[in-house]
Asker: 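Can you read through this structure? Questions will come right after.
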Amino acid sequence: MLIELTDQPIDVAATIAAVEAEGAGAVNAFIGTVRNQSTGRPVVRLHYEAYDAMALHQMRLVAEQAQEKWPMLQKIAVVHRKGTLEIGHVAVVIAVSTPHRAESFTACQFIIDTIKKVVPIWKKEEFEDGQVWVAAHP
């Protein structure tokens with residue numbers, strides 16, 4: 001299991017490679033990137049802040065919950081950025097491997113949705129005319 005919180009660019013290929021397994025017929029990855037707009041306003045960049053120790057603990061718990069829900073999960077990787085990110089930067093990568101695709105899709109979605117709900121990582125959107133902290137789940 002790979003669980004990381006980093007202020008460096010995420011190596012997407014390495015994160016996906018971390019879940020390769022001989023018994024896996026499916027590898028699913030969610031790659032969250034910084035988009036150039038939010039609620040109709042142009043976004044300049046994002047800032048992520050985290051309570052590192054708690055964020056890592058919660059990320060690991062979410063991955064363990066996924067393993068309990070889908071025992072066929074072969075491997076899980078969760079890597080999240082913090083700091084300042086520009087448009088197009090990768091903010092988060094979730095990757096899982098399973099024997100079949102259905103569990104791969106659902107487990108990957110469960111992990112990203114649950115992380116947004118329970119992990120203490122906060123996002124601030126920066127616009128040309130100001131900044132606003134935003135909730136992970138609108």
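Just the heavy atoms: all of them, side chains too, but no hydrogens, waters or symmetry mates, feed the values below.
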Asker: Minimum heavy-atom separation for Thr84 to His47, with atom names?
Answerer: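 What the structure gives for the nearest pair is OG1-ND1, 2.9 Å.
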Asker: If Ile, Leu, Val, Met, Phe, Trp and Tyr residues are connected whenever their side-chain heavy atoms lie under 4.5 Å apart, and connections chain through other members, are Met59 and Met54 in the same group?
Answerer: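 Different clusters.
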Asker: For the hydrophobic clusters of this structure (ILVMFWY residues joined by side-chain heavy atoms under 4.5 Å, transitively), does one cluster hold both Tyr51 and Leu5?
Answerer: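 No; Leu5 is not reachable from Tyr51 via cluster members.
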Asker: Judged by atom type as modelled, is there a donor-acceptor pair below 3.5 Å linking the side chain of Lys69 to the main-chain atoms of Ala107?
Answerer: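 Not a single qualifying donor-acceptor pair exists.
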Asker: Provide the closest heavy-atom pair for Ala63 versus Ile3 in the form atom of the first, atom of the second, distance.
Answerer: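 Taking Ala63 first and Ile3 second, the nearest heavy atoms are CB-CD1, 4.0 Å.
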Asker: With sequence neighbours left out, write down each residue that passes side-chain hydrogen bond (donor to acceptor under 3.5 Å, both in side chains) with Thr33, or none if nothing qualifies.
Answerer: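 Per chain and number, Thr33 pairs via side-chain hydrogen bond (donor to acceptor under 3.5 Å, both in side chains) with no residue.
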Asker: Kindly give the heavy-atom pair with the smallest separation between Arg81 and Tyr48, and that separation in Å.
Answerer: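 Looking at all heavy atoms of both residues, the closest pair is O-CB, 3.7 Å.
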Asker: Hey, are the side chains of Phe30 and Val93 touching, using non-hydrogen atoms and a 4.5 Å cut-off?
Answerer: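 A side-chain contact is absent here, since even the closest heavy-atom pair is not under 4.5 Å.
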Asker: Do Val96 and Val92 belong to the same hydrophobic cluster, where Ile, Leu, Val, Met, Phe, Trp and Tyr are linked whenever their side-chain heavy atoms lie under 4.5 Å apart, directly or via other members?
Answerer: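 The answer is yes; both residues are in one hydrophobic cluster.
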Asker: So which atom in Lys75 and which in Ala18 form the shortest heavy-atom distance, rounded to 0.1 Å?
Answerer: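 Nearest pair, atom of Lys75 first, then Ala18: CD-O, 3.4 Å.
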Asker: Roughly how far, to the nearest 0.5 Å, is the CD atom of Gln58 from the CD atom of Gln65?
Answerer: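 Going from the CD atom of Gln65 to the CD atom of Gln58 covers 8.0 Å.
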Asker: How long is the gap from CG on Asn36 to CZ on Arg41, to the nearest 0.5 Å?
Answerer: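 The distance works out to 13.5 Å.
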Asker: Judged by atom type as modelled, is there a donor-acceptor pair below 3.5 Å linking the side chain of Thr106 to the main-chain atoms of Glu103?
Answerer: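 Flag set: sc Thr106 to bb Glu103 pair under 3.5 Å.
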Asker: Working to the nearest 0.5 angstrom, can you tell me the gap between Gln109 CD and Ile94 CD1?
Answerer: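 Nearest 0.5 Å value for the CD-CD1 distance: 12.0 Å.
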Asker: Give a yes or no on this: more than 12 heavy atoms of other residues, nucleotides or ligands lie within 6.0 Å of atom CD of Gln37.
Answerer: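 Yes, enclosed.
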Asker: Report yes or no: do Val90 and Leu46 belong to one cluster of Ile/Leu/Val/Met/Phe/Trp/Tyr joined by side chain heavy-atom distances under 4.5 Å?
Answerer: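 No, Val90 and Leu46 fall in different hydrophobic clusters.
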Asker: Does any N or O in the side chain of Ser104 come within less than 3.5 Å of the main-chain N or O of Thr98, such that one atom is a donor and the other an acceptor?
Answerer: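 No, the answer is negative, given that no donor and acceptor are paired below the 3.5 Å cut-off.
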Asker: Would a 4.5 Å heavy-atom cut-off, applied to side chains only, mark Val78 and Val62 as touching?
Answerer: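 Val78 does not reach Val62 side chain to side chain.
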Asker: Linking I/L/V/M/F/W/Y whenever any side-chain heavy atoms sit under 4.5 Å apart, do Val44 and Val134 land together?
Answerer: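 As far as the 4.5 Å side-chain criterion goes, Val134 and Val44 are not connected within one cluster.
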Asker: Working to the nearest 0.5 Å, report the span between NE2 of His80 and CD of Glu4.
Answerer: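 The distance works out to 13.0 Å.
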Asker: Would you indicate whether the side-chain heavy atoms of Ile76 and Gln67 approach each other to under 4.5 Å?
Answerer: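 Result yes, sub-4.5 Å side-chain heavy-atom pair found.
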Asker: Sequence neighbours excluded and cut-off under 3.5 Å, please list the side-chain donor-acceptor pairs for residues 6-17, or say none.
Answerer:
{"residue": "Thr6", "atom": "OG1", "partner": "Gln8", "partner atom": "N", "Å": "2.9"}
{"residue": "Asp11", "atom": "OD1", "partner": "Ala13", "partner atom": "N", "Å": "3.3"}
{"residue": "Asp11", "atom": "OD1", "partner": "Ala14", "partner atom": "N", "Å": "3.0"}
{"residue": "Thr15", "atom": "OG1", "partner": "Asp11", "partner atom": "O", "Å": "2.9"}

Asker: CG of Leu56 to CD1 of Ile121: how many Å apart, nearest 0.5 Å?
Answerer: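 Spacing of CG (Leu56) from CD1 (Ile121) equals 8.0 Å.
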Asker: Is there a side-chain contact between Glu20 and Ser97 in this structure, where contact means two heavy atoms from C-beta onward sitting under 4.5 Å apart?
Answerer: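 Result no, sub-4.5 Å side-chain heavy-atom pair not found.
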Asker: Work out which heavy atom in Lys123 is nearest to a heavy atom in Trp133; give both atom names and the distance.
Answerer: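 Where Lys123 meets Trp133 most closely, the heavy atoms are O-CE3, 3.3 Å.
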Asker: My understanding is that a hydrophobic cluster links ILVMFWY residues whose side chain heavy atoms are under 4.5 Å apart, including indirect links. Using that, what else belongs to the cluster containing Leu61?
Answerer: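 When side chains under 4.5 Å apart are linked, Leu61 ends up in no cluster with other residues.
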Asker: In Å, rounded to the nearest 0.5 Å, how long is the span from CD of Glu126 to CD of Glu86?
Answerer: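 Answer for the CD-CD pair, Glu126 versus Glu86, is 8.0 Å.
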Asker: Report yes if the side chains of Met1 and Glu64 come closer than 4.5 Å at any heavy-atom pair, otherwise no.
Answerer: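 Yes - at least one pair of side-chain heavy atoms lies under 4.5 Å apart.
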